[in-house]
Q: 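Here it is, the structure in full.
Starting from 1, each residue takes its place in the sequence as its number.
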Amino acid sequence: MSKRIDFLRSIIDSSSASSSVDGSGSQDTSANRDSGYRTEVCSNTDDQQQQQHHQQQQPVAGPGRGRARALAALLAPPKPTDGSLPLAAAMPNLTIGGRGRFLQKLLNKEQSSAEPGASKTSDVASSSSSGVGAPTAPAEGLRKLQPAQPSRAPKEDSFVLRETKEPQERVNRTGTNGTPLQIMSNFMELTCSKDRGIFLYTVDFEPDVESKRARQQCIDRHSEIFGKAYTFDGRILLLPKSISQERMVIPTKLPTDGTPVQMTVVFRVQQRMSQNVMLYNKLFRRVMYILQMSEMGRKHYDPTQARIVPQHKLEIWPGFVTAVDEYDGGLMLNLDVTHRVLMQTTVYAHMKTIAMCRDAQFRDNVVKSLLGSVVLTRYNKKTYRIDDVLFDLNPMSTFRYGERDITYVEYYKQQYSIDIHDHQQPLLLNRQERKVANKETPQELSICLVPELCYLTGLTDDMRKDYKVMRDIATYTRITPNQRLMAMQKFCENVNQNEAARNLLASWGLELKTTPKVMSGRQLQIENITSGGGTVGSAGPNADFTRQVTNNPMLEIVHLRKWLLVYTQRDERTASAFMDCVKRTCKLLGMEIVQPQIEILPQDNTQLYIQALRTRIQPGTQIVLIICPTSRDDRYAAIKRLLCTEVPIPSQVVNARTLANDKRNRSIVLMILLQMNCKLGGTLWSVNIPLKETMICGIDTYHEGVKRTNSVSAFVGSLDASFTHWYSRATIQERKEELLNGMCVSLEKTLQAYRRRNCTLPQKIIIFRDGVADSMMNVCEEYEIPQLEAACKNIAPDYTPKITFIVVQKRIITRLFSMSGDGLGNAPAGSVLDHTVTRRYKYDFFLVAQAVKMGTVTPTHYIVLRDDAQFSPDILQRLSYKMCYMYYNWTGTIRVPACCQYAHKLAYLVGQSVKRMPAEALNDKLFYL
């Protein structure tokens with residue numbers, strides 16, 4: 001160990017000395033003129049001048065210290081020997097995780113020096129182009145840096161492609177069980193010409209050109225060689241056709257001062273379609289711009305087709321969301337119809353309304369109502385999120401614009417010819433994060449907006465609770481499958497009929513079909529529901545078994561022998577009617593309920609609730625039921641926080657207004673009793689799942705969007721052979737952290753609970769993981785699954801169960817339609833599609849578990865990342881469908897497996913209300929329903 005430390009110290013000392021003599025390594029240039037990448041980052045002077053009135057330029061990050069400084073000095077490129085001035089450059093982004101990784105980087109450097117001719121195959125990140133979008137900086141990691149020994153001769157070619165992790169063989173896992181069904185989806189085929197492809201070239205300039213815009217203009221001048229369709233980011237050039245020579249030297253002149261330069265264009269590789277999915281998506285982003293559609297987030301809307309809802313002062317913009325990818329059936333466009341609800345009310349008018357209603361706490365109420373809202377500025381058709389309200393600034397405040405200070409009033413008059421009337425109104429603050437090259441942390445930008453020019457988007461909480469508002473909006477947004485198909489076909493026809501859009505696609509060899517493909521799917525068998533007393537009944541074609549559940553005893557009943565009822569004096573009549581209904585209906589469920597301990601509060605005060613719960617709960621109390629006069633988040637959070645942590649006991653909070661509806665009082669009381677039985681540890685129904693020595697788990701996370709507090713992850717695992725009892729555990733983690741660092745502990749606790757109940761450990765573990773995007777799939781596979789294996793080893797060193805890990809994606813834009821004699825309809829419950837539109841290199845399938853009568857159904861996407869047990873596709877598809885029946889808060893099927901929904905409910909309760917980890921005593925009960 002001492003020799004290793006001395007070796008590291010000698011490297012650091014020598015590198016520090018060399019950097020002090022040679023100067024900053026960030027200003028060196030690459031010695032190889034044919035290299036597609038260099039160590040410098042050339043700044044775009046024109047772009048910086050356009051952004052000076054929005055932000056201040058950040059200094060370039062230094063090389064760091066310690067191992068990072070040593071490695072940066074060792075990997076620094078040699079200084080130029082021709083006497084030319086060095087280019088200003090930033091150090092590469094070096095991430096040193098420890099001494100082992102540090103030494104590994106040194107070994108990799110020396111291996112690369114020993115093998116100058118080695119090359120690797122990989123995909124290159126797609127870049128933007130003048131015909132597609134704004135140019136972006138070259139992707140890091142696509143170059144191999146030159147060693148810093150001036151005495152060595154430069155390599156002939158240092159361009160190295162990144163290694164691709166994409167499998168080379170297609171994955172084809174299809175099932176056979178079920179009734180055949182003709183299915184149509186919202187995927188449009190994109191046919192590719194045989195004479196077109198993606199040809200990657202590198203372009204070097206001699207002498208080197210700093211300005212990216214100047215390099216772009218040099219390429220533009222030679223359209224007779226490159227054509228009009230290309231993608232260029234300053235170094236990498238992508239062409240749909242190969243040029244005449246693999247290596248070409250082109251003399252040209254700079255557009256600024258006419259200085260002669262030479263462009264060296266070198267062919268590198270021809271890439272597959274899947275390696276340039278980003279390029280195709282940028283093409284359709286350009287198509288949307290050609291069709292004059294407004295971009296909001298990742299969706300595009302047509303303001304010319306806006307629908308007005310005058311009675312509510314709302315405006316609805318129709319639009320489309322697109323995604324291009326390579327699927328099992330080839331390159332396809334996933335196209336869906338979407339809508340955006342806008343208010344015809346400005347933020348300024350909203351603030352005036354608050355001032356008239358509640359003038360005493362004007363500032364607090366304004367911040368509370370606007371924080372986290374998204375507003376639209378119609379002068380540039382962009383959306384912004386409100387992060388704060390600046391009452392100390394107004395439109396007469398100044399900011400730096402170019403070479404001088406200017407007020408917001410003058411700025412909007414000059415730029416948009418807009419007059420701001422109220423010069424005393426506060427400003428709205430929007431914070432954005434922008435990635436900066438060679439910096440680990442993104443740069444934060446602050447943008448001030450004028451309330452008078454901002455329009456509210458979305459719906460307020462009051463609007464969502466208003467049945468009439470939601471009903472009127474649904475007449476425009478809830479469209480049938482036939483209407484959705486017509487809108488999709490109309491969009492494709494508009495693209496093909498627009499000459500500019502059609503030529504843009506044709507230049508890359510693409511042609512858009514106007515009719516989706518008809519595919520052969522399957523409908524799984526409807527499940528039978530088992531209730532108490534051995535009663536078995538079919539769920540029916542609509543997968544709704546409410547009548548069977550409410551007219552038969554529950555599967556496992558926990559009788560109420562001791563419980564507490566809390567309510568206020570004003571709700572005494574409601575509580576009395578509730579108890580009368582409980583006595584009449586509990587016999588239907590086979591549940592025995594005794595008279596509760598009653599606590600009456602003099603008024604509706606949160607502190608009175610907390611005091612009563614702390615002092616009046618007696619030992620042996622099974623559950624607490626609280627009837628609240630109204631719905632208030634602060635009161636609910638205080639009650640749940642106390643009863644989940646300090647005084648751990650199951651609780652049921654009921655709104656008195658819910659019990660005031662005499663017509664639905666019986667059904668409401670029945671659902672409350674069902675929930676209470678679950679929270680006490682009972683079960684309601686079951687379906688036949690013939691798996692032995694198996695534990696099924698669900699994982700989900702909760703992210704608080706407005707306050708940006710810590711995230712919460714939840715882990716739920718089954719404890720019995722019928723998969724009706726669950727062990728639940730929540731973990732609080734860092735904000736926006738989707739990967740679960742506490743998964744190892746959660747699975748370990750669940751396995752211990754399983755062993756206590758069954759006196760053995762499960763031999764198979766099936767995990768349904770919700771909330772993972774496509775971009776995090778590989779990280780999930782490489783990071784979370786090893787944690788599961790580590791948890792098993794912690795239980796017993798020789799314990800190696802077979803793990804099946806399935807990612808569940810419900811927020812997708814895929815739609816499935818069934819073909820019938822009357823046209824298109826929603827795919828029925830149990831519909832499965834596992835080919836053509838599934839991923840080419842992944843084991844996945846689409847499943848429709850719920851029956852939808854209004855609007856269009858959205859399937860759930862299941863991706864099998866790992867399957868040690870080697871289950872057949874039919875088994876995993878049937879299991880996923882069966883688990884959608886097992887959610888005890890809904891007497892029907894839901895979109896995702898019940899274990900995922902349980903995890904979602906637990907994570908939401910802890911993240912939204914409890915704000916801390918619940919007590920261990922509640923983990924074996926569904927206390928969060």
Q: In sequence, state the C-alpha distance, the side-chain angles, and the governing distance for Tyr862 and Asp844, and then conclude on side-chain contact (heavy atoms from CB on, under 4.5 Å).
A: CA-CA 5 Å; Tyr862 295 83; Asp844 63 332; over 6 Å; no
Q: Using modelled atom types and a 3.5 Å cut-off, is there a donor and acceptor pairing between side-chain atoms of Arg666 and backbone atoms of Cys581?
A: no
Q: Classify the side-chain pair Thr760/Arg755 by whether it contains a donor and acceptor separated by less than 3.5 Å.
A: no
Q: Mind telling me whether Tyr702 and Tyr908 have parallel, tilted or perpendicular rings, with 30° and 60° as the class edges?
A: perpendicular
Q: Would you find a donor on one side and an acceptor on the other, under 3.5 Å apart, between the side chain of Ser831 and the backbone of Val848?
A: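 No; zero donor-acceptor contacts below 3.5 Å.
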Q: Going from CG on Leu674 to CH2 on Trp685, what distance comes out if it is rounded to the nearest 0.5 angstrom?
A: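 Taking CG in Leu674 and CH2 in Trp685, the distance rounds to 7.5 Å.
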Q: Does the Ser880 side chain pair with the main chain of Leu876, one donor and one acceptor, at a distance under 3.5 Å?
A: yes
Q: Is the backbone of Ser913 close enough, under 3.5 Å, to the side chain of Arg641 for a donor and an acceptor to pair up by distance?
A: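 At least one qualifying donor-acceptor pair exists.
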Q: Looking at Arg471, I want to see if its CZ is surrounded by more than 12 non-hydrogen atoms of other residues, nucleotides or ligands under 6.0 Å.
A: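 Buried by this count: over 12 neighbours within 6.0 Å.
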Q: When you check the side-chain N and O atoms of Thr568 and Asp571, is any donor under 3.5 Å from an acceptor?
A: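 Note: Thr568 and Asp571 side chains meet the donor-acceptor criterion.
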Q: Looking only at heavy atoms, which two atoms of His559 and Glu592 are closest? And how far apart?
A: ND1-N, 3.0 Å
Q: Nearest heavy-atom pair of Lys882 and Met886: which atoms, and what distance?
A: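 So the minimum-distance heavy-atom pair works out to O-CG, 3.8 Å.
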Q: Indicate yes or no: does Glu527 engage Arg878 in a salt bridge with an N to O separation below 4.0 Å.
A: yes
Q: Please check: side-chain N/O of Gln622 versus main-chain N/O of Lys562, any donor-acceptor pairing under 3.5 Å?
A: yes
Q: Report yes or no: does Thr585 contribute a side-chain atom to a donor-acceptor pair with the main-chain N or O of Leu670 at less than 3.5 Å?
A: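 Checked: no pair found.
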Q: If the test is side chain to side chain contact (heavy atoms under 4.5 Å, CB included), which one of Ile623, Leu625, Val594 qualifies with Leu560?
A: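 The side chain to side chain contact (heavy atoms under 4.5 Å, CB included) with Leu560 is passed solely by Ile623 among Ile623, Leu625, Val594.
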Q: Will you find, in the side chains of Thr176 and Asp874, an N or O donor that is under 3.5 Å from an N or O acceptor?
A: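 Yes, side-chain donor-acceptor contact under 3.5 Å.
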Q: Give the ring-plane orientation class for Tyr902 versus Tyr887, where under 30° counts as parallel, over 60° as perpendicular and anything between as tilted.
A: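 The arrangement is tilted - the two ring planes meet at 30° to 60°.
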Q: Using the rule given for side-chain contact (heavy atoms from CB on, under 4.5 Å), can you reason through Asn758 versus Glu693, listing the C-alpha separation, both sets of side-chain angles and the distance that settles it, and then say yes or no?
A: CA-CA 10 Å; Asn758 302 279; Glu693 297 182 338; over 6 Å; no
Q: Using side-chain hydrogen bond (donor to acceptor under 3.5 Å, both in side chains), reason through Arg815 and Thr858 one step at a time and then give a plain yes or no.
A: CA-CA 5 Å; Arg815 305 281 183 167; Thr858 301; 2.8 Å; yes
Q: State whether a side-chain donor-acceptor pair under 3.5 Å links Ser722 with Asp720.
A: yes
Q: Angle class for the His861/Phe846 ring planes (parallel below 30°, perpendicular above 60°, tilted otherwise)?
A: parallel
Q: Show every salt bridge (Lys or Arg N to Asp or Glu O under 4.0 Å) that has at least one partner inside residues 598-620, sequence neighbours left out.
A: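 Checked against salt bridge (Lys or Arg N to Asp or Glu O under 4.0 Å) - neighbours excluded - the pairs reaching residues 598-620 are Glu599-Arg616, Asp604-Arg632, Asp604-Arg635, Arg614-Glu646.
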